[in-house]
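Each remark here refers to the structure printed beneath this line.
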2 protein chains.
Amino acid sequence: MLRLTQHRQSILDLINASNRHWDADEVSRALSDAGQAVGIATVYRGLAALEAAGLLDSIQLADKKRYERADKAHHDHMICTECGHIEEFIHETIEALQLSAAKERGFVLTGHQLTMFGRCKSCDKQE
Amino acid sequence: MLRLTQHRQSILDLINASNRHWDADEVSRALSDAGQAVGIATVYRGLAALEAAGLLDSIQLADKKRYERADKAHHDHMICTECGHIEEFIHETIEALQLSAAKERGFVLTGHQLTMFGRCKSCDKQE
DNA sequence: GGTACGAATGATAATCATTATCGTTATCAT
DNA sequence: ATGATAACGATAATGATTATCATTCGTACC
Ligand SMILES: [Mn+2]
Ligand SMILES: [Mn+2]
Ligand SMILES: [Zn+2]
Ligand SMILES: [Zn+2]
């Protein structure tokens, strides 16, 4: 179903080559800088299509959605409210407890997002 | 610092009298229906001020922010993607594990949000 | 009671991320 | 090559939230 066009391949390659969490505008700018400008609407559509195909993951932040590689194990995020640093963490026990909490309530889980906010190690030192 | 004006008191009373998670527009409409119309900008400002004062809690969803009473114990949410039902749950172990996961990384936590998505018991039966 | 000043209000414009539209173009199967 | 279908790009539209700014309110002080 998914047509992996040149544009979509560029988007995917860009994100797969990094460990960042990209928003649509950052992707658009990076592609422009690389001489592969793509219309912003196409970036939005491409990101959504790639995620639907399981080739990208995303996290929904308060103001915008950010995309990242999907070839890593599932993880959650810790975000520094000072510098914006996003740290990833995997916690199997928390994952398992979520599943059982859902099951107890007759909820069939399709996804979840755990985001923690605070000050990262280096920002906390400075103040 | 916070002036608990008539308008803000109305907003607070409305939310405190319920167990729902309200968005700004719903608050505005409910106040209008009750004959206490308040400008939508005032609703937004009131909600933000009440939350800053600790009198309301909120959850950030993909498209909008929803406010709820703050006089309940901290809890997280399970949201049915079929019917929109929001179920609350408290899980002390998950809370504790989050704290230690943060500490391990030198992160000083200021908040977190755990949202699970899926189908609730009744929606799951039907299909 | 009258004054003064900062905060709150309301109407509305502005912002910003995202989606919709629509004419054009690329892709793929036959 | 042809035709059907999906993708693209420019741009308008949407929707939640915030900014502006003139007016009004609340309160501390005389
Ligand atoms: Mn990540
Ligand atoms: Mn709640
Ligand atoms: Zn930091
Ligand atoms: Zn449901």
Side-chain angles (χ1 to χ4, degrees), chain A residues 1-15 20-68 79 81 84 86 113 115, chain B residues 1-15 20-68 79 81 84 86 113 115:
Chain A
M1 277 300 89
L2 173 86
R3 278 195 192 162
L4 199 48
T5 63
Q6 275 309 307
H7 286 149
R8 290 178 178 174
Q9 189 67 59
S10 300
I11 295 171
L12 188 57
D13 289 345
L14 172 71
I15 295 179
R20 301 184 34 197
H21 301 79
W22 302 74
D23 67 32
D25 204 54
E26 289 168 347
V27 170
S28 170
R29 241 195 310 277
L31 291 178
S32 292
D33 292 350
Q36 316 210 286
V38 172
I40 185 66
T42 300
V43 171
Y44 275 103
R45 281 181 298 226
L47 289 169
L50 290 166
E51 179 176 28
L55 299 175
L56 287 181
D57 278 342
S58 76
I59 50 176
Q60 175 68 55
L61 302 188
D63 49 339
K64 59 179 65 159
K65 203 168 181 180
R66 288 186 170 275
Y67 292 84
E68 65 176 318
I79 303 181
T81 49
I86 300 183
Q113 185 175 311
T115 310
Chain B
M1 277 298 92
L2 173 85
R3 277 195 191 164
L4 199 49
T5 64
Q6 275 309 306
H7 286 151
R8 290 178 178 176
Q9 189 67 61
S10 299
I11 294 171
L12 187 57
D13 289 345
L14 173 71
I15 295 178
R20 299 185 35 200
H21 301 79
W22 302 75
D23 66 33
D25 204 55
E26 289 168 346
V27 169
S28 170
R29 241 195 313 276
L31 292 178
S32 292
D33 291 351
Q36 315 210 286
V38 172
I40 185 65
T42 302
V43 171
Y44 274 103
R45 281 181 297 226
L47 289 169
L50 290 167
E51 180 175 28
L55 298 175
L56 286 181
D57 278 343
S58 75
I59 50 176
Q60 174 69 53
L61 302 188
D63 49 339
K64 58 179 65 158
K65 204 168 180 181
R66 288 185 170 276
Y67 292 84
E68 66 176 318
I79 303 180
T81 49
I86 301 182
Q113 184 175 312
T115 309

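Numbered from 1 within each chain, the chains take letters A, B, ... in sequence-line order.
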How many whole angstroms separate atom CD of B/Q36 from atom C1' of C/dG10? 17 Å
Tell me which of A/A48 and B/T42 sits closer to the 5' end of DNA chain C, going by the nucleotide each one is nearest to. B/T42
If you compare every side-chain N and O of A/Y44 against the phosphate oxygens of C/dT19 (OP1, OP2), does one of them come in below 4.0 Å? no
Please name all residues satisfying side-chain hydrogen bond (donor to acceptor under 3.5 Å, both in side chains) with B/T5, sequence neighbours left out, ordered by chain then number. none
Both B/D63 and A/A37 contact DNA chain D. Taking the nearest nucleotide for each, which residue is further toward the 5' end? A/A37
Whichever of A/K64 and B/V38 has the more 5' nearest nucleotide on DNA chain C, that residue is B/V38
Is a donor on one side and an acceptor on the other found under 3.5 Å between the side chain of B/T42 and the backbone of B/V38? no
B/E68 side chain reached by B/R66 side chain, heavy atoms, under 4.5 Å: no
List the atom of B/I40, the atom of B/A24, and the distance in Å for their closest heavy-atom pair. CD1-O, 4.1 Å
Mind grabbing the angle between the end helix axes of the helix from C/dG1-D/dC30 to C/dT30-D/dA1? Five pairs an end, 10° rounding. 30°
May I have the distance from B/R8 (atom CZ) to C/dG10 (atom P), rounded to whole angstrom? 11 Å
Whole-Å distance between D/dC25 C1' and B/Q9 CD? 17 Å
Rounded to the nearest angstrom, tell me the gap between atom CG in B/L61 and atom C1' in D/dT17. 15 Å
Considering only NZ, NE, NH1 and NH2 on the basic side and carboxylate oxygens on the acidic side, decide whether A/D33 and A/R29 come within less than 4.0 Å. no
Keeping the roles fixed (side chain from B/R8, backbone from B/R3), state whether a donor-acceptor pair exists under 3.5 Å. yes
Over how many whole Å does the gap from A/L50 atom CG to D/dA7 atom P extend? 11 Å
Examine the side chains of A/S28 and A/E26 and answer whether a donor and an acceptor come within less than 3.5 Å of each other. no
Could you tell me whether the side chain of B/L47 reaches within less than 4.5 Å of the side chain of B/W22, counting heavy atoms only? no
Please encode protein proximity along nucleotides 20-30 of chain C as a string of B, S and -, counting only heavy-atom distances under 4.0 Å. BB-----B---
Using atom CD1 of B/I40 as one end and atom C1' of D/dA16 as the other, report the distance to the nearest whole Å. 10 Å
d(CG, A/L47; C1', D/dC8) in whole Å: 15 Å
B/H7 side chain near C/dT9 phosphate (N/O to OP1/OP2, under 4.0 Å): yes
Selection: residues 20-29 of chain A, any non-hydrogen atom under 4.0 Å of DNA chain D: none
The criterion is side-chain hydrogen bond (donor to acceptor under 3.5 Å, both in side chains); which residues satisfy it with A/H7, sequence neighbours excluded? none
Just distance, no hydrogens or angles: give the donor-acceptor pairs under 3.5 Å from side chains in residues 50-61 of chain A, sequence neighbours left out.
unit_1 : atom_1 : unit_2 : atom_2 : d
A/E51  : OE1    : A/K65  : NZ     : 3.2
A/E51  : OE2    : A/S58  : OG     : 2.6

Between A/I11 and A/V43 the two heavy atoms that sit nearest each other are CD1-CA, 4.0 Å
How close do A/I79 and A/G84 get, counting heavy atoms only, and between which atoms? CG2-O, 4.5 Å
